[in-house]
Amino acid sequence: MKAQQLFDLTGEVALVTGASSGLGWRFAQTLAAHGASVVLAARRTDKLEALKSAIEADGGEALTVQLDVADYGQIGQAFDAAEREFGTVTILVNNAGMAVSKPAIDMSPQDWRKIMDVNLDGVWFTAQEAARRMSTAGAGGSIINIASLLATRVAKSLSAYAVTKAAVKQLTEALALEWARYNIRVNAIAPGYVLTEINREFFESEAGNAMIGSIPQRRIAEPSDLDGTLLLLASNASSFMTGSTILIDGGQALTLGG
Ligand SMILES: NC(=O)c1ccc[n+]([C@@H]2O[C@H](COP(=O)([O-])OP(=O)(O)OC[C@H]3O[C@@H](n4cnc5c(N)ncnc54)[C@H](OP(=O)(O)O)[C@@H]3O)[C@@H](O)[C@H]2O)c1
C-alpha cells in the first residue's frame with residue numbers, strides 16, 4: 001500500500017482537545033489535511049474559529065466546540081455537537097493540558113487540584129466518553145493521549161505535571177487492555193520539549209537555553225516533528241498497535257539516565 005493510502009483519514013471524525021494553540025492546533029490541521037472531519041475543542045473559541053477558517057481555506061472540514069475538559073458536564077455536550085455535525089467520533093486526540101511550574105513545597109491545594117482536573121481527570125473522562133460512543137456505534141476507533149517525556153522522568157518545579165503525565169501513560173495501557181474488545185486502540189505520544197505557549201517563557205530564559213544545549217539533537221521540537229507519529233496512531237497504519245507510548249524527544253531521555 002502506498003503511504004498516501006496508508007495514512008488516509010477520509011471518512012474519519014477526529015476530536016482534538018486543546019486545539020486552540022500549540023500542538024493541538026497542529027494536530028487538527030494535520031488530521032484535516034489527511035481527510036478527517038475535525039472537531040476543534042478548547043475554551044478559547046475565538047482561536048478555534050481562526051483555525052476552522054484556516055482548515056476550510058485548505059479544503060478541509062471543521063467544527064468548533066467550546067470545551068473545558070475540567071468540567072465533566074461539557075464533555076458529553078461536545079461529543080453531541082460532533083455527532084450532530086459529522087457522526088460518531090472515531091479519532092480522539094486527548095491533548096488539552098497545562099503546567100504549574102512551582103517548587104513542590106510551594107504548590108497550593110488549588111494548584112494541585114487544577115492540574116489534576118485538566119491533565120488527568122480531563123483525559124480520563126474524555127477518553128471514556130469517546131469509548132462509550134465508539135462502542136455503542138460499533139465504530140471502533142483510535143484514542144491518542146498526549147503524555148510527555150516527564151511521564152517517565154522528573155524535572156524540578158514540574159512535580160505535579162510529571163505525576164499527571166505518568167498517570168496518562170498508565171491509563172493509556174489500562175484502557176488499551178479493556179477496550180481492545182471494542183476495536184478501540186489507545187496509544188500515547190510522549191513529546192520532549194516543543195516550543196509552544198506552555199513553555200515559551202522558559203525557553204526565552206537562560207535556563208531554557210542551557211537545556212537546549214543538553215539535548216543530543218541540540219534543539220527543541222517544532223509541532224510538525226510530531227506529524228508522522230500522529231498520523232501513524234490515527235490511521236490504520238497502526239492497526240495492531242495499542243497501549244504504546246511513543247517518545248519523541250531528540251534523544252533527551254538518554255541524557256537523563258534511568
Ligand atoms: N510543548 C511541550 O514541550 C510539551 C511537551 C510534552 C507534552 N506536552 C503536552 O502537549 C499538550 C499540548 O500542550 P502545548 O504545548 O500545545 O501547550 P499550549 O500551547 O499551552 O496549549 C494547551 C492547550 O490546552 C488547552 N487547554 C488548557 N486547559 C484546558 C481545559 N481546561 N479545557 C480544554 N482545553 C484546555 C488550551 O486551550 P484553551 O486555553 O483555549 O482552553 C490550549 O489549546 C499538553 O497536554 C502538554 O502537556 C507539551
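None of these values were measured; they are calculated from a predicted model. Each ligand, and each atom within it, is numbered from 1 in the order the structure gives.
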Are any of the N or O atoms of [X] closer than 3.5 Å to those of ligand 1?
| X | result |
| --- | --- |
| Val69 | yes |
| Tyr193 | no |
| Ser21 | yes |
| Thr196 | yes |

[X] neighbourhood, listing ligand 1 atoms whose heavy-atom distance to it stays under 4.0 Å:
| X | answer |
| --- | --- |
| Gly97 | 22 (C), 24 (O), 27 (C), 44 (C), 45 (O) |
| Tyr161 | 6 (C), 7 (C), 8 (N), 9 (C), 46 (C), 47 (O) |
| Ser20 | 36 (C), 37 (O), 38 (P), 40 (O), 42 (C), 43 (O) |
| Asn199 | 1 (N), 2 (C), 3 (O) |
| Leu23 | 10 (O), 16 (O), 48 (C) |
| Glu197 | 19 (O), 20 (O) |

> Is it true that the side chains of Gln252 and Asp249 contain a donor and an acceptor less than 3.5 Å apart?
Replying inline: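 Looking only at side-chain atoms, Asp249 and Gln252 do not form any donor-acceptor pair under 3.5 Å.
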>> Is it true that Glu49 and Thr64 share a donor-acceptor pair across their side chains at a distance under 3.5 Å?
In response: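 Yes.
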> So is Thr17 in contact with ligand 1, going by heavy-atom distances below 4.0 Å?
Replying inline: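 Contact check Thr17 vs ligand 1: negative.
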> So is Gly192 in contact with ligand 1, going by heavy-atom distances below 4.0 Å?
Replying inline: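 Distance cut 4.0 Å: Gly192 passes for ligand 1.
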Measure [X] to ligand 1 on non-hydrogen atoms and call it side chain, backbone, both or neither using the 4.0 Å cut-off.
| X | result |
| --- | --- |
| Lys47 | neither |
| Met98 | neither |
| Ile198 | both |
| Ala147 | backbone |
| Leu67 | backbone |

> Heavy atoms only: which of Ile146, Val168, Asn95 is nearest to atom 45 (O) of ligand 1?
Replying inline: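 Nearest option to atom 45 (O) of ligand 1, by heavy atoms: Asn95.
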Do you know which two heavy atoms are closest between [X] and [Y], and how far apart they sit?
| X | Y | answer |
| --- | --- | --- |
| Ala151 | Lys169 | CB-CB, 4.2 Å |
| Ala41 | Leu15 | CB-CD2, 4.3 Å |
| Ala176 | Thr242 | CB-OG1, 3.4 Å |

> Using the ring of each side chain (for Trp, its six-membered ring), is Phe203 parallel, tilted or perpendicular to Tyr193, with breaks at 30° and 60°?
Replying inline: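 It falls in the perpendicular class, over 60°.
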>> Quick one, Arg26 with Asp225, criterion salt bridge (charged side-chain N to carboxylate O under 4.0 Å, His left out). Give me CA distance, side-chain angles, the key distance, then yes/no.
In response: CA-CA 10 Å; Arg26 177 74 189 188; Asp225 284 312; over 6 Å; no
>> List the residues meeting side chain to side chain donor-acceptor pair (under 3.5 Å) with Glu178, not counting sequence neighbours, and say none if there are none.
In response: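 Per chain and number, Glu178 pairs via side chain to side chain donor-acceptor pair (under 3.5 Å) with no residue.
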